[in-house]
Amino acid sequence: MALEVENGAYTYPNGADVLSDVNFRFSGREVMCILGPNGAGKTTLLRAILGLAPFTRGVARWNGKPVADWQPKAFWQRIGYVPQAKRMNFAAMTIGELVALGRSARLGPFSLPGRDDWAKVDRAMEEVGITHLRKRLASEVSGGQLQLALIARALAVEPELLVLDEPESNLDFRNQRIVLEVIERLAERGLGAILNTHFPAHAVELSESVLLVPRGKPPVCGRVADVMTESILTDVFEIGVRIRDLDLPERTVTTVTAVGRALDASGRAIRED
Ligand SMILES: Nc1ncnc2c1ncn2[C@@H]1O[C@H](COP(=O)(O)OP(=O)(O)OP(=O)(O)O)[C@@H](O)[C@H]1O
């Protein structure tokens with residue numbers, strides 16, 4: 001299982017060139033984080049990789065075959081996609097029904113989930129610890145619980161790879177930890193993940209490789225130790241960054257902190273968007 005992108009570029013119909021020279025190979029059995037400033041093109045990149053808005057130049061290949069040549073059903077049986085959690089899309093459903101939607105990638109056009117499918121839905125909910133929420137409406141659970149339900153929905157697909165768009169955004173500390181630990185546990189069992197995140201420290205903690213997407217420059221892909229450096233992050237995020245290890249009794253935690261100034265003396269943003 002592998003995903004590779006060769007010379008990927010994306011230009012929106014209005015002429016906005018958002019991505020260029022995207023080149024990387026992801027072996028699939030690990031976690032890769034995509035990091036970069038707002039508007040750099042991370043979501044555009046995820047959508048391009050998944051063929052939802054294909055690269056306008058270059059190619060993304062899944063298991064050696066261009067994503068565009070995959071039959072959609074076969075492709076979506078292999079990828080568990082976790083979009084940003086938006087409650088309104090699922091408000092009228094129970095959490096059990098929401099997770100069961102993941103099985104639709106495995107069912108025939110007019111089939112309903114059978115006993116075996118429901119068992120897989122149960123297993124997916126168990127995996128992320130939300131079995132007790134099965135009968136609750138999606139509109140009546142917390143943001144963290146909804147996020148876990150969306151991960152369970154992706155797991156119910158029985159995918160080879162999880163792709164998650166900012167899974168820990170909008171979550172409090174504890175729920176962020178739950179989501180990170182779930183992804184980590186799944187990866188330990190061999191299910192790789194690609195995720196967009198706004199938290200560099202999460203990338204250091206979770207991933208072996210990262211893809212840094214600067215604004216208007218080609219992305220940089222590499223091992224965490226090689227590319228998550230103060231000088232590269234300062235360049236990519238356009239603000240001074242310090243990386244420090246914090247030795248706690250339980251473990252050593254790597255902190256990544258913005259230390260440079262974002263506003264000048266008159267209160268104007270130092271880098272105008
Ligand atoms: N439909 C569109 N037409 C034209 N430009 C677009 C369109 N959608 C997004 N963009 C632009 O493409 C750029 C990249 O957007 P994208 O959402 O991929 O960035 P991002 O890195 O995911 O941002 P964020 O971190 O804020 O989520 C932005 O400048 C955005 O304004």
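Quick caveat, the model's predicted, so the values are computed rather than measured. Every number for a ligand or one of its atoms is a count from 1 in the order of the listing. For the numbers below, each heavy atom of this structure counts, side chains included, while hydrogens, waters and symmetry mates do not.
In this structure a side-chain-to-backbone donor-acceptor pair under 3.5 Å is missing from Glu181 to Ile178.
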Return a table of donor-acceptor pairs under 3.5 angstrom between the side chains of residues 198-205 and protein atoms on other chains or two or more places apart.
| from | atom 1 | to | atom 2 | distance (Å) |
| --- | --- | --- | --- | --- |
| His198 | NE2 | Glu166 | OE2 | 3.3 |
| His202 | ND1 | Glu168 | OE2 | 2.8 |
| Glu205 | OE1 | Arg177 | NH1 | 3.2 |
| Glu205 | OE2 | Arg177 | NH1 | 3.4 |
| Glu205 | OE2 | Arg177 | NH2 | 2.7 |

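Taking 4.0 Å as the cut-off between side-chain N and carboxylate O, Arg123 and Glu158 do not count as a salt-bridged pair.
Every residue was checked against the ring-ring contact (aromatic ring centres under 6.0 Å, His included) condition with Tyr81, not counting sequence neighbours, and none meets it. With sequence neighbours excluded, no residue forms a ring-ring contact (aromatic ring centres under 6.0 Å, His included) with Phe26.
Listed by chain and number, residues touching ligand 1 at under 4.0 Å (heavy atoms only) are Tyr12, Asn14, Val18, Pro37, Asn38, Gly39, Ala40, Gly41, Lys42, Thr43, Thr44, Glu166, His198.
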Practice task
Determine, step by step, whether Tyr12 and Thr44 satisfy the side-chain hydrogen bond (donor to acceptor under 3.5 Å, both in side chains) criterion, reporting the C-alpha distance in whole Å, the side-chain angles of both residues, the deciding distance to 0.1 Å, and the verdict.
Solution key: CA-CA 10 Å; Tyr12 276 101; Thr44 306; 2.8 Å; yes
